[in-house]
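Reading through the structure tokens given below for one structure.
Numbering of ligands and ligand atoms starts at 1, following listing order.
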Amino acid sequence: MAVCTGCSLLCEDIELALMTGAISKVKNLCRKGHGHFQSFSSDRTSPKINSQEVSLDQAIKKAAKILVEAKHPLLYGWSNSTLEAQRIGIDLAKKLGATIDDTSSFCQGLLMELVLAGRLPTCTLDDVRNFADTSVFWGADPSNSHPRHLSRFAYYPRGSKRQKSYEEERTCIVVDVRKSATAKLCSNYFKVPPGGDADFIASVIAVIEGKIPKFGDKKRMIELGTVLRKTEYGVIFPGVGLVYSLQGKIELLETLVSKLNEVTVIKVVPMVGHYNMRGFNQLLLDDTGFINGVSFKDGQAKHGPENSVIAAAKSCDAALVIGSDPLSSLPFGTAKSLANAPLIAIDPRRSLTTDAARVVIPSAMYGLEAGGSAIRMDGVRVEFEPILEADLLSDEQILARIMEEI
Ligand code: SF4
């Protein structure tokens with residue numbers, strides 16, 4: 001049995017057989033997971049310095065040299081690495097006096113901070129399967145981002161208190177700017193204009209307080225308020241669509257959840273994308289009191305916007321990127337700054353970032369060629385073993401080697 005690291009559901013029931021570099025038999029793997037596992041056989045990286053093939057030892061030594069010589073190194077990525085690798089990464093940042101940040105500072109970090117601080121009530125996905133009668137996907141499209149979410153937890157399965165499941169006992173609501181694939185599956189779709197989520201929340205709060213909503217189709221808003229009021233155990237799954245739309249007004253979600261909890265039970269589980277983003281946030285929080293964007297310059301952990309990847313990329317004089325492709329995913333200015341710094345990329349597969357990196361260090365694919373542990377989107381720890389033998393070091397082993405060199 002394998003664990004899929006294709007998204008933060010970390011499905012643990014994957015059965016698969018591999019033959020001559022391809023998946024020959026598979027059970028329980030969704031199409032996204034299939035692509036994830038299948039990718040082990042294509043576009044793999046090899047150790048390189050300045051685009052020239054070198055030995056792994058040479059690449060690791062060069063990476064250590066670049067980091068030691070830098071005055072303002074940045075260590076970025078981490079959401080696709082295990083807890084064990086992340087632990088060494090944080091220690092490496094301390095040793096170097098570096099800035100460390102992960103992908104959450106550009107997506108779900110704000111929500112995760114509220115959840116980890118206990119300001120948003122949360123639950124496990126097993127609670128969702130067993131107890132939830134209402135699931136609200138808000139700015140999230142799990143049919144594409146987390147394809148087994150509805151079938152394993154939120155809508156289709158029978159749970160201990162939800163034996164009649166989606167046929168009679170579960171309601172799925174989608175709030176989104178477009179009729180997404182998930183919205184087409186669920187009967188309750190509420191369209192919100194881009195950037196209109198704050199007004200939408202204000203209207204839901206008005207309905208719960210028995211007032212007339214000022215925004216949107218009043219009849220439909222009252223319908224939504226009625227469903228939520230009648231809910232026994234509801235869960236909001238916010239996606240990046242909601243985070244980006246609320247832009248500095250994230251406390252509105254807190255207010256809504258608090259109002260709803262005066263009349264029913266409502267939990268929040270952020271739709272984290274990368275398989276171990278939550279793990280990094282939790283580890284860094286336990287160590288420093290901050291979930292992301294921390295500088296260890298002068299031996300002290302400091303957090304602030306200047307330590308997020310967006311700002312730190314501009315001032316860094318070396319960057320180590322692990323399991324991430326910021327040159328494709330971050331804004332152009334940030335990507336350009338990173339590309340101009342001496343860049344070290346640790347990744348199992350080729351990407352724009354590895355192609356632009358001064359040093360490339362190939363790594364094993366977690367879940368397939370390397371084991372470890374990670375934190376699922378709902379905070380549950382998942383352990384996994386490799387299912388393939390590979391002559392490759394894991395992120396954890398590579399980082400330990402870099403530490404030794406420094
Ligand atoms: S839902 Fe996510 S973890 Fe589960 S099989 Fe699909 S990609 Fe993998």
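Side-chain polar atoms of E223 and T226 form no donor-acceptor pair below 3.5 angstrom.
In this structure, R87 does not pair ionically with D286, as no charged nitrogen and carboxylate oxygen lie closer than 4.0 Å. Ion pairing of D199 with K214 is absent here, as no side-chain N (NZ or NE/NH1/NH2) approaches a carboxylate O to less than 4.0 Å. A salt bridge between K219 and D217 is absent, with no side-chain N of the basic residue lying under 4.0 Å from a carboxylate O of the acidic one.
With ring centers used as reference points, F200 lies under 6.0 Å from W138.
For atom 2 (Fe) of ligand 1, protein N, O or S atoms closer than 2.8 Å were enumerated as C7 SG, with waters left out.
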Expected list for residues 232-242: side-chain donor-acceptor pairs under 3.5 angstrom, two or more places apart:
| from | atom 1 | to | atom 2 | distance (Å) |
| --- | --- | --- | --- | --- |
| E232 | OE1 | R162 | NH2 | 3.0 |

